[in-house]
Amino acid sequence: MSPPAATKRRPSNRSTVRDASPAKGPRGAKGGAKPSVKAVRDFRPDRTDAWKRLVGYAKRSDATTLRMLFAKDPKRATKLSIEALDMRVDFSKQRVDDAILGDLLALAEAADVRGRAKAMFAGDRINITEDRAVLHSALRAPRNASIRVDGTNVVGDVHETLARMAAFAKRVRDRRWLGHSGRAITSIVNIGIGGSDLGPAMAYEALRSFSDRNLTFRFVSNVDPTDFSEAIRGLDPATTLFIVSSKTFTTLETMSNAKAARAWCLKAFKGDQKATARHFVAVSTNAEEVSKFGIDTANMFGFWDWVGGRYSMDSAIGLSTMIAIGQSGFAELLGGFRDMDQHFISAPPSRNLPMLMGLVGIWNANFLGAGSVAVLPYDQYLSRFSAYLQQLEMESNGKSVTLDGKPVHWNTCPVIWGQPGTNGQHAFYQMIHQGSWIVPCDFIGFCEPINPVGDQHDQLIANMFAQAEALAFGKTSGEVAAEGVADWLVPHKVFAGNRPSTTILCEALTPRMLGRLIALYEHKVFVQGTIWNVNSFDQWGVELGKVLAKRIIGELAEAKPKLGHDGSTNALIEWYRKRR
Ligand code: G6Q
């Protein structure tokens, strides 16, 4: 993409940044001193000139269709595609032109996306409500890098943990990690939830073809006992290892499942407590709780408060991934993350993949009124990718107050959903093609098949190209009528087209490529959160439900609880208690 002229404009109302008073230590749930970082911004995207101009373009945007944009500029596909890191990302089927892109880039400049990205990479405490640095980039930093938090270079700790993980993973992969009865471990069960589950579960599926096929991997997350019961089905306790993954080691679901696992394991070993040490390891920041549970802290792999749960799959939370694909595979995965980090921090905004992904998302959500985004990988191995992104995007940017605590007057994170093609084509694509909502789509495909069978991979990718083409260009009533369709049927067969999508075409689904793809979305989330001026790194919205659940768990256990909820909740509790 050539940088549109508008990027050179100086936004008239640049983001104002004020220094807050220095923090006096960690902020508890009730909040302590004011945040120490230059992060409490009163930036209002809707007050920038760029935003105001974008509102104007959006009003006229129905008059400019993708058909017209492509007809006007034969080089559009080349100009609006970026080739980098063995991928071609084609934005040309997004409803943007030079003026729109120019002002989106001006908006990013007004929000100081690049400055804020540098602050994040440098370890500034940009997660102001938890007074934490946001340093998932340090998890993949090379050994010789220096990233300081409170004066300490954290890269050394990262590599020390990676080395311990590698030594452990190798013992398991070499069948030298023996269970309590002396038999080698061959089944690995990760117990965790949210950020301690979605990444490992997604990565295992994605990289299954690189994994040791003689090891069995299962993932347990839900407090619903069905999840645990089904996960251990067919497994032998003597050859099963549980990785209890929990940053806090206090999460209700994970601790309940970990206790169930311990009971299942100890039952097989006639209550011999010593078995725990051979069949349980922990990934956590909470050594005290790990030890209380009975796991030897020598078998605990740590991480740090500057790693957010949903940004943690490349920390020790990825232990199951490393066991599956080995140390070298995991190093490749980290290398992929790092490639995208470097691209994000160094590529000019108009050629910067996460920047452009973020900006077209803002255009679609804030100006074209799209309330959701479908992520549609044309690769069965990415079957959990959309679920992973749901957390990454929606937990990060599903906020409605700004960093300075004011209500937002603009929409923030849309709903993220999707599943692999071609299956969705036979189900929900109808709505994307002819429904009343605009659903921007991300199509993700790979040139090299992992499992070549006849021409099936070509069929798969042909379908992906066809869907993006159909969405963009549709079929007019004239074209339908020209096929001899009866007049009354014509309206039903018309495809309005003009439906935006981005196509991400990658060379091959390798560990390195997976790392690049995930970091692409991580930084896209950062770009959008910065423009919306929300804290992308906290998740207070999950707290209230947790607190209420604790209270109700107590009430379900009591003989005659005094219920003080609303009428509906009281009645539901009573109805349940009578029938369970
Ligand atoms: C992610 C969230 C959340 C978290 C889980 C599990 O960013 O913080 O999904 O990962 O609640 O938490 P623990 O790892 O502490 O068990």
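When a ligand or atom number is given, it counts from 1 through the structure's own listing order.
Ring geometry for H279 against F269 counts as tilted: the plane angle lies between 30° and 60°, on a 0 to 90° scale. Using a 30° and 60° split on the angle between ring planes, F385 and Y521 fall in the perpendicular class, above 60°.
Atoms of ligand 1 lying under 4.0 Å from any heavy atom of T251, numbered from 1 in the order shown and given with element: 12 (O), 13 (P), 15 (O), 16 (O). Interface atoms of ligand 1 facing S246, defined by a heavy-atom separation under 4.0 Å, are 13 (P), 14 (O), 15 (O), 16 (O). Per-residue contacts place Q539 under 4.0 angstrom from the following atoms of ligand 1 (heavy atoms of the residue considered): 7 (O), 8 (O).
In this structure, atom 2 (C) of ligand 1 lies nearest to the protein heavy atom E395 OE1, 3.3 Å. Annotation: atom 15 (O) of ligand 1 to nearest protein heavy atom, T248 OG1, 2.6 Å. Nearest to atom 10 (O) of ligand 1 among the protein's heavy atoms is G195 N, 2.9 Å. Looking at atom 5 (C) of ligand 1, its nearest protein heavy atom turns out to be I193 O, 3.5 Å.
Judged by a 6.0 Å distance limit and a 45° cone about the ring axis, R125 is not positioned over the six-membered ring of W306. Taking the centre and axis of the six-membered ring of F280, the NZ or CZ atom of R262 falls outside the cone set by 45° and 6.0 Å.
For atom 12 (O) of ligand 1, the protein comes within 4.0 Å by at least one heavy atom.
Around atom 3 (C) of ligand 1, the closest heavy atom drawn from R310, Q391, K546 belongs to Q391.
Between K406 and D42 no salt bridge is recorded (no basic side-chain N to carboxylate O distance below 4.0 Å). The pair E395-R310 meets the salt-bridge criterion, with a side-chain N (NZ, NE, NH1 or NH2) lying under 4.0 Å from an Asp/Glu carboxylate O. Salt-bridge annotation for D112 and K118: absent, with no side-chain N of the basic residue lying under 4.0 Å from a carboxylate O of the acidic one.
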